[in-house]
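Presented below is the structure to which this report refers.
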2 protein chains.
Amino acid sequence: MHVNRQNVAGENVTSSDHQRCKLVKATIKDVAREAGVSISTVSYAINNKDRISSETRKHVLHVAKRLNYVANGNAKLLKQKHTRAIGIFFNSWFGPIYSEIARGIEKAVHQAGYDLVACSLYGEENSTAYKYLRDRMVDGAIILADSFDDDFLKSTASKDLPLVVLDREVESPHIFSVLIDNFGGAFNATKALVQSGCKDVYFLGGPKGSYDSQKRLEGYIAALGFCGATINNNHILECDFTEEGAYQKMKVLFNKGTVPNAIFSANDEMALGIYRAARENNLKIPENIKVIGFDDIREAEFAAPPLTTVSHQKYEMGINAAEILFEAIKSPAKDLNKLRIQATRLIERESV
Amino acid sequence: MHVNRQNVAGENVTSSDHQRCKLVKATIKDVAREAGVSISTVSYAINNKDRISSETRKHVLHVAKRLNYVANGNAKLLKQKHTRAIGIFFNSWFGPIYSEIARGIEKAVHQAGYDLVACSLYGEENSTAYKYLRDRMVDGAIILADSFDDDFLKSTASKDLPLVVLDREVESPHIFSVLIDNFGGAFNATKALVQSGCKDVYFLGGPKGSYDSQKRLEGYIAALGFCGATINNNHILECDFTEEGAYQKMKVLFNKGTVPNAIFSANDEMALGIYRAARENNLKIPENIKVIGFDDIREAEFAAPPLTTVSHQKYEMGINAAEILFEAIKSPAKDLNKLRIQATRLIERESV
DNA sequence: CTGAAAGCGCTTACAG
DNA sequence: CTGAAAGCGCTTACAG
């Protein structure tokens, strides 16, 4: 493709500036030529350096505006090394929890004058998220995806690219964690169930590898112990954090004739699956089964009956994650707190 | 910050390769020096050009791997002009509808070998989305945000940067639309309400400027006309597409003693607000009020009673949007269809 | 098959 | 206060 650079300079052209600029982008050179100054001067003017007279600046800015000039980001980055962008990487396009966290992150990132770009892990090794991390397209990243393995994270994190993970702890000098108080939340939920008069509280967990699920299980066990209830391994069910999975699991259980008095579900999604299975078997909540979830997603409030659940501050979690990231970016040498915990709160609704 | 480039070359250094590479990124120069070839050769090897012997390639690739070399994306882009990235720009961090659309887009974008980066409009003129569009950081974009005004879109769209909008039509050679069949969906919903025996069907709309809401209103009016029902302007309520807004609106209505027999709500969110207001006033759905929503969000299914609603194929909409974008990218000259419509389907549940 | 060199669009010491 | 020039890390005609 051959481009006639003359056009940009504004010579021998009859169409309007606006039209010309759609043909080909004006560069710093074009502005310099048109304004009759050097490219350094244009650069100084654009970037508001105080080395040039305000008259020159005004003139240059005026010409730049007329030519509809905007700096080429890539060229800038090539020199400046940092991108002033933060990545947020995830594997599901924002379930109910993530979007709240993202809002918090966005707020803090924008306030710091950085850009926030979100990429998913779809495609795994070939995903945009992987690429952005490998190619250092961001100055830091917040990760909500367990499909990044710890080793990859460890090998890419550096003082120029600190990382914050939101779903586990990873031992590395430039990786930080902000986590939910899974243990405490699960403890309180289970305790509430026992104290409501149920002795055989079930636990419906997430997939085996899940850090969150593991911690919630520990809280459950601790609460049973605390209350003097016996721990029965048959009451501990492994599932997959999805509504459908929980539905299937419960259906099987009900069909065997087993109806738990109470279930602590390791997330709300699965609690919804319990609801569905119960409805189909004409089991009433909370009369026949009491259930408590975890996360306090929107559906929890609108479910019938409204779901009692463990709530955590997702927005604040996002803010927190971004803040710790910027501290790490700004003072890489400083020995920062590697781990922050978000408190939880039991929201009592009508399912227990 | 002073960086010792010697380290990268691997001279006079005792620590492992792995460690070195964390200190400073290897460049094409480092690989060339280490491999004893020119940088052109390295470039050819990395990019799999068939101008060099396979032996040389193998050797270079081996060295590159050892130095943990990855090409600098910015430098690459500076030469190549195109980014092989598609932007997806929105103003809310993915409500229930958006995430499905995003999944579709992602699938198609990844399949085309492009990257997908998501940015929000938070911060308006200073937002990342604006910047990415202005600075041509993407080869094309899909837009779900009405906060971009048409003029801005028209002035940035070009044959090198086609745009797809998902929530309106805009008259411009390089802007495409994929839209929901709002009219048809609303028509069917309203008709169902009338045919269930209600003569005074209310319409709860979105904000005045909303394209979607306007079209749904037109479908509502057409259906009433079609069924021979009279159109009463008092039955047309303006709201804001949020649960809370609808809740407030209905509360006021109920307090005045007005209880519509049937309401067609221009989205499901607002239908949920109607549910809440009804619950508080001991009004039963569908016995006292029949309601139909639009969108078929997840909550619709789990609401009590499950909400009848107009469903549209969000995932397919995403696929569609991406496909039309790539057609425009690949053959900018071709006179493509500017507009595609997604069909809708009435999902009958228990709220009517 | 390989390499020297120009150039992408910027920034930033350095010199005047 | 301003400009000429080097350089960021690549790609790609061009020459050999």
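We find that CD1 of A/I39 is positioned 12 Å from C1' of C/dC8, with the value rounded to whole Å. C/dG9 atom P lies 14 Å from atom CG of A/L67, rounded to whole Å. The distance from atom NZ of B/K58 to atom P of C/dC1 is 14 Å, rounded to the nearest whole Å. In this structure, the CD1 atom of B/I28 is 14 Å from the C1' atom of C/dT2, given to the nearest Å. The separation between A/N74 atom CG and D/dT11 atom C1' is 14 Å, rounded to whole Å. The separation between B/R134 atom CZ and C/dG9 atom P is 19 Å, rounded to whole Å. Here D/dC10 presents its P atom at 13 Å from CZ of B/R33, a figure rounded to the nearest Å. Protein atom NZ of B/K76 is 18 Å distant from nucleotide atom C1' of C/dG7, rounded to whole Å.
Across all strands, A/V70 comes closer than 4.0 Å only to sugar-phosphate atoms, never to a base (heavy-atom distances). Residue A/V42 is out of contact with every strand shown, counting any heavy-atom pair closer than 4.0 Å.
Between B/T56 and the phosphate of C/dT2, there is a side-chain N or O to OP1/OP2 separation shorter than 4.0 Å. OP1 or OP2 of C/dG9 has not a single side-chain nitrogen or oxygen of B/K79 nearer than 4.0 Å. Phosphate contact (OP1/OP2 of D/dG3, side-chain N/O of A/S38, threshold under 4.0 Å): present. Contact between the side-chain N/O atoms of A/K29 and the OP1/OP2 oxygens of C/dC8 is found at a separation under 4.0 Å.
Annotation: proximity of residues 43-53 of chain B to DNA chain D (heavy atom, distance under 4.0 Å) is found for B/S43, B/Y44, B/N47, B/K49, B/R51, numbered in ascending order.
The one candidate from A/L163, A/L166, A/N91, A/V170 that meets the side chain to side chain contact (heavy atoms under 4.5 Å, CB included) condition with A/I143 is A/L163.
For the residue pair A/C119 and B/V117, the shortest heavy atom distance occurs at SG-CG1, 4.1 Å. Nearest heavy atoms, A/A157 versus A/I175: CB-CG1, 3.6 Å.
Remark: A/N48 CG is packed, more than 12 non-hydrogen atoms of other residues, nucleotides or ligands lying under 6.0 Å away.
Aromatic pair B/Y130/B/F89: ring centres not closer than 6.0 Å.
Taking only side-chain atoms of A/S40, from C-beta outward, the nucleotide of D/dT11, D/dA4, C/dC10 with the closest atom is D/dA4.
For the pair A/R103 and A/E100, the salt-bridge criterion is met [side-chain N within less than 4.0 Å of a carboxylate O]. Of the charged side-chain nitrogens involved, none lies within less than 4.0 Å of a carboxylate oxygen, so that B/D139 and B/R84 do not count as a salt-bridged pair. A salt bridge does not link B/K338 to B/E327: none of the charged nitrogens lies less than 4.0 Å from a carboxylate oxygen.
Side-chain contact of A/S38 with A/T41: a donor-acceptor pair under 3.5 Å is present, judged by distance alone. Between B/S53 and B/T56, the side chains place a donor N or O and an acceptor N or O closer than 3.5 Å (distance only, hydrogens not considered).
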Pairing annotation in dot-bracket form, given for DNA chain C with Watson-Crick or G-U pairs under 3.5 Å and | for cross-strand partners: |||.||||||||.|||

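Map B/L78 and B/G36 each onto its nearest nucleotide of DNA chain C; the residue landing nearer the 5' end is B/G36.
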